[in-house]
Amino acid sequence: MKKKVVSVMLCAAMTAAVLAGCGSSSAETVSEDTSAAAEETEDVAAEETAETAEADTEESAGGTLVMGTNAEFPPYEYYEGQEVVGIDAEMAAAVAEKLGMELKIEDMAFDSLIPALSSGKVDIVAAGMTVTEDRLASVNFSDTYATGIQAIIVTEDSDIASADDLVGKTIGVQQGTTGDLYATDVEGATIERYAKGMEAVQSLSQGKIDAVIIDNEPANVFVSEVEGLKILDEAFATEDYAVAVAKDNEELLEQVNTALAELKEDGTLQAIVDKYITAE
Ligand code: ARG
């Protein structure tokens, strides 16, 4: 079995397949600390709005930074009531604040994210998205802000003890993710693709599939919520998460990188991570 090999052609085919059949829903998140800041900037906003009124009919002075995500990926992005919260949501809100912009979150299918970026529907993607060679062919990635590990979830009584035992098994994944790619590479395996990672995990607990390959942090959350499952010690691969920006938007890429560097430097990013991930 070939591990850690991501096939470019395969991914391209997957993206195409996915483009054909993706639903999307949307949600909006407004950062919490807005009222005071909003009052302070009202005057500036009024001036800027007057200045740009002809060219720009957008609401907010600094403009709106639209973030695409797939809010099925705790602790990076998930719903708390009607609101999308999580590490990515807060990080993006902090980046937007640095840019003097208002963050708006668009929730959609994971594999609609890169097309949404390319078509200009969203400005950035923050979705625990792994930097891969084939994604780099269509988007740019910021500096990385987190590390992910592709983990293997099985039932507690499973005879699968390592990645090699996955040969010939039925593996569940979230469609279009790197977990999907790794699973697709497993010799003789049958791949069940789900819209949401949690659906794969539920399927596993119902005995419909043999394993799930998914990023470790959501894996931890899902396994804590569904009984009778465990995460194997042996993982598939370590990956870097980054913010994706459209290829032709170099300026925004630089702004995001500058903001991220500041957020790393002043401890904001770590504080956000610590809020959502408790060290074991
Ligand atoms: N890191 C994996 C990938 O890029 C999975 C990301 C899934 N993210 C999500 N928000 N559902 O492909």
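Numbering of ligands and ligand atoms starts at 1, following listing order.
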Can you confirm whether or not the ring centre of Tyr241 sits under 6.0 Å from the ring centre of Tyr76? yes

Within the heavy-atom cut-off of under 4.0 Å, ligand 1 is lined by Asn70, Phe73, Glu77, Phe110, Ala127, Gly128, Met129, Thr130, Arg135, Gln174, Thr177, Thr178, Asp215, Glu239, Tyr241

If we check side-chain contact (heavy atoms from CB on, under 4.5 Å) with Ile171, which of these qualifies: Asp180, Thr190, Leu166, Val212? Leu166

Any Lys/Arg nitrogen of [X] or [Y] sitting under 4.0 Å from an Asp/Glu carboxylate oxygen of the other?
X: Lys104; Y: Glu102; result: no
X: Glu192; Y: Lys208; result: no
X: Lys169; Y: Asp159; result: yes

Check Asp111, Thr177, Thr184 against Arg193 for a side chain to side chain donor-acceptor pair (under 3.5 Å) and give me the one that passes. Thr184

